[in-house]
Amino acid sequence: MSNVATTDPATTPVEAFVQLEQNGVELMPLRKAGLARFSETGYPTLRDEDWRFTNVKPLTELPFRPVTSPFDQTPGLEQLGEVTFGCLDADRLVFVDGHFKADLSQIADQSSGVTVSNLAHFEGELGSLSGGDDNPFVALNDAFFTDGAVIQIGDGQHLAKPVHLLFVTMAGEDGEAAHVRNWIVAGANSHGTIIESHLSLGQAATVTNVVTETRVGNGANVEHVKFQDQSAKAFHLASLHSELGRDARYAFHSIALGARLSRNNLRLRLAQPGTECVLNGLYMTRGQQLADHHMIVDHAAPHCDSHEYFNGLLDDQSRGVFHGRILVQPGAQKTNAKQTNKNLLLSDDATANTKPQLEIYADDVKCTHGATVGELDADAVFYLRTRGLDACTARRMLMHGFAGEIVERIRHDAAREELDALVWNRLEAKHQLD
Amino acid sequence: MLEIKNLLAGIDNKPILKGINLSVNAGEVHAIMGPNGSGKSTLASVLAGREGFDVTGGEVRYKGNDLLDLAPEERAREGVFMAFQYPVEIPGVNSAYFLRSAVNAIRKHRGEEELDAMNFLKAVKAKMKELGLGEEFLKRPVNAGFSGGEKKRNEILQMAMLNPWLAVLDETDSGLDIDALRIVADGVNRLRGPKNAQVVITHYQRLLDYIVPDFVHVLHDGRIIRSGDKSLALELEEKGYDWLVKEAA
């Protein structure tokens, strides 16, 4: 790239790691192992089966610039109040380019059994859930993560308010990367809502690489909404590793609206009987955007339910990628797994790649999967028009409805309503551009 | 109100309507009957403005204007309502939201004040009660997962809320049991008035026991081969369509 700053000598992960070592960061064994893994694999290419449809080459051509220490520039509280979920009644942890901003964050008194903080000197068991993953971006994150959130809800405790993790990028140079690490533990019979949002306040080709590990204890009930609305030049890589205990209830919603390229790796392990897991996703792309969800739901215990619902609205030359693998281990009898991916192509040039996969090693299970790629239903448009609605409104209503199938599964009322309005406004903005 | 003159229409160069003439005045209920394939649904589709039907001749005037020149939504706003034989399922679109948008699109066109959520609910709940629809109905997506009877009742509810001058009911009786049929017919009859007109398209005479027409027309091979009063429907019930078809041949 022509705009590599001459003052920045580090352009490869190895060079950057040397600088990091000199700064004396913590958790060196994890970081070193990550770097070693990455050095072995390098960035994924289209030849890797897991990355067949998602070309990260443009990202690899950017200079490698992890933001290892915070910039002076930060957004104002007022500015943050205007962003999506910025006014949601929640405890809020704000991270700018991967660095915690205490002055922008607000944590009300949670009960004594609850910890909500930034990673700081937390050592915990980072990597214990993500460790088996061969995703090169997880390896990079292991090596370079700067900060992130720690949420620990003790046994039988409830989060008094939702926790909002707000990650913004301010970075102004292409390639500047925030490596973010989150650790979430919900104890037995605990309860909580987590809202994670990723936004850009600058327009540069920045990189966000977030790894989140979540342990959901026996009988715990956790809802996690991940909202990604970064700038059209940004690259967003995310990796979720969740392990669910007996009778746990877990809902993870991924709303991917922004970024030039976004990839969500979702790895769910249903480790104990009786769990119920919902993965619910919406992607809306236009221009040259690509949104990729890549999931593995591992049924490792009997009597577990998992449901995946992913809807994509794809416009212009954009691309949506869905890969959903359901793995039913030997002995995971009475598994009930369901997977649907629906894509709506709004332009002749948009592409959907969808690959549902079932891998079943038990004989008493109920697994279904289905994928559709289509256009707006002409009969439905006509039906709405015969009721007096003009063609644009009819189309917008159908798109909103299609997105609404996903949004309505969000249980947290205020978050759901805000997202619903946001989707409607985006569709209206599109309509005005057309 | 509605004047159809020598209407010719078809799909993919295949003629289906071969010269329909029909005159409907305010205050009248017309039944259009005919065997399968006679062109009943094509007539309904052309009147509603469905794409894919080519009108190759003739004209349709509604309140003196060229109906075929109007987009489907313009027809609706001018007071033409079409109750579908197969109402479309629209997952994700909430019934209350849809119906209020439709009502307000039409009110706006007529220069009336738009209904706010409160007034809309008041109005719609009263109509729903008449049609035996529970309140949870409003929260459900439009027609999605509805039974056949619910879908037809939803059509009548929409008709009641949109308050059209001219309603075309396409096989509204199909798939209804006798109780649902009665409810739907009552709904239709409530909308009868000196300023409204209804065109009821049906295969069976049964519906006409409940929605009593002023005129009955028999459609065969794209033409109206016989018109009469309600006794014609009874005659058809007794003798079937064949004798008329033979006579017309």
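The shown structure was predicted, so the numbers you read here are calculated from the model rather than taken from an experiment. Chain naming here is simple, since letters A, B, ... match the order of the sequence lines and numbering starts at 1 in each.
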Using the test side-chain contact (heavy atoms from CB on, under 4.5 Å), find all partners of B/A31 that sit at least two apart in sequence or belong to another chain. B/L208, B/P213, B/V216

Among all residues two or more places apart in sequence or in another chain, which pass the side-chain contact (heavy atoms from CB on, under 4.5 Å) test with A/L358? A/I326, A/I360, A/C367, A/H369

Which one, B/G49, B/A71, B/P72, leads in non-hydrogen pairs under 4.5 Å with chain A? B/P72

Over all heavy atoms of both residues, which pair between A/G388 and B/A105 is shortest? Give the atoms and the distance, please. O-CB, 3.4 Å

Let me know if B/P164 has heavy atoms under 4.5 Å from chain A in its side chain, its backbone, both or neither. neither

Between B/V88, B/L99, B/V80, B/I90, the one whose heavy-atom pairs under 4.5 Å with chain A are most numerous: B/V88

All side-chain contact (heavy atoms from CB on, under 4.5 Å) counterparts of B/A123, not counting sequence neighbours: B/M161

With a cut-off of 6.0 Å (strictly less than), are more than 12 heavy atoms of other residues, nucleotides or ligands near NZ of A/K334? no

If you draw a 6.0 Å radius around NZ in A/K338, do more than 12 non-hydrogen atoms from other residues or ligands fall strictly inside? no

Heavy-atom check, side chain of A/L384 versus side chain of B/V142, under 4.5 Å: no

Could you show, one pair per line, the donor-acceptor contacts under 3.5 Å between chain A and chain B?
residue : atom : partner : partner atom : Å
A/D379  : OD1  : B/R50   : NH1          : 3.3
A/Y383  : OH   : B/N143  : ND2          : 3.3
A/Y383  : OH   : B/E155  : OE2          : 2.3
A/Y383  : OH   : B/Q158  : NE2          : 3.1
A/R385  : O    : B/E73   : N            : 3.4
A/R385  : NE   : B/E73   : OE1          : 2.6
A/R385  : NH2  : B/E73   : OE1          : 2.9
A/R385  : NH2  : B/E73   : OE2          : 3.4
A/R387  : NE   : B/Q158  : OE1          : 2.5
A/R387  : NH1  : B/M82   : O            : 2.7
A/R387  : NH2  : B/M82   : O            : 3.0
A/R387  : NH2  : B/E155  : OE1          : 2.7
A/G388  : O    : B/R77   : NE           : 2.8
A/G388  : O    : B/R77   : NH2          : 2.8

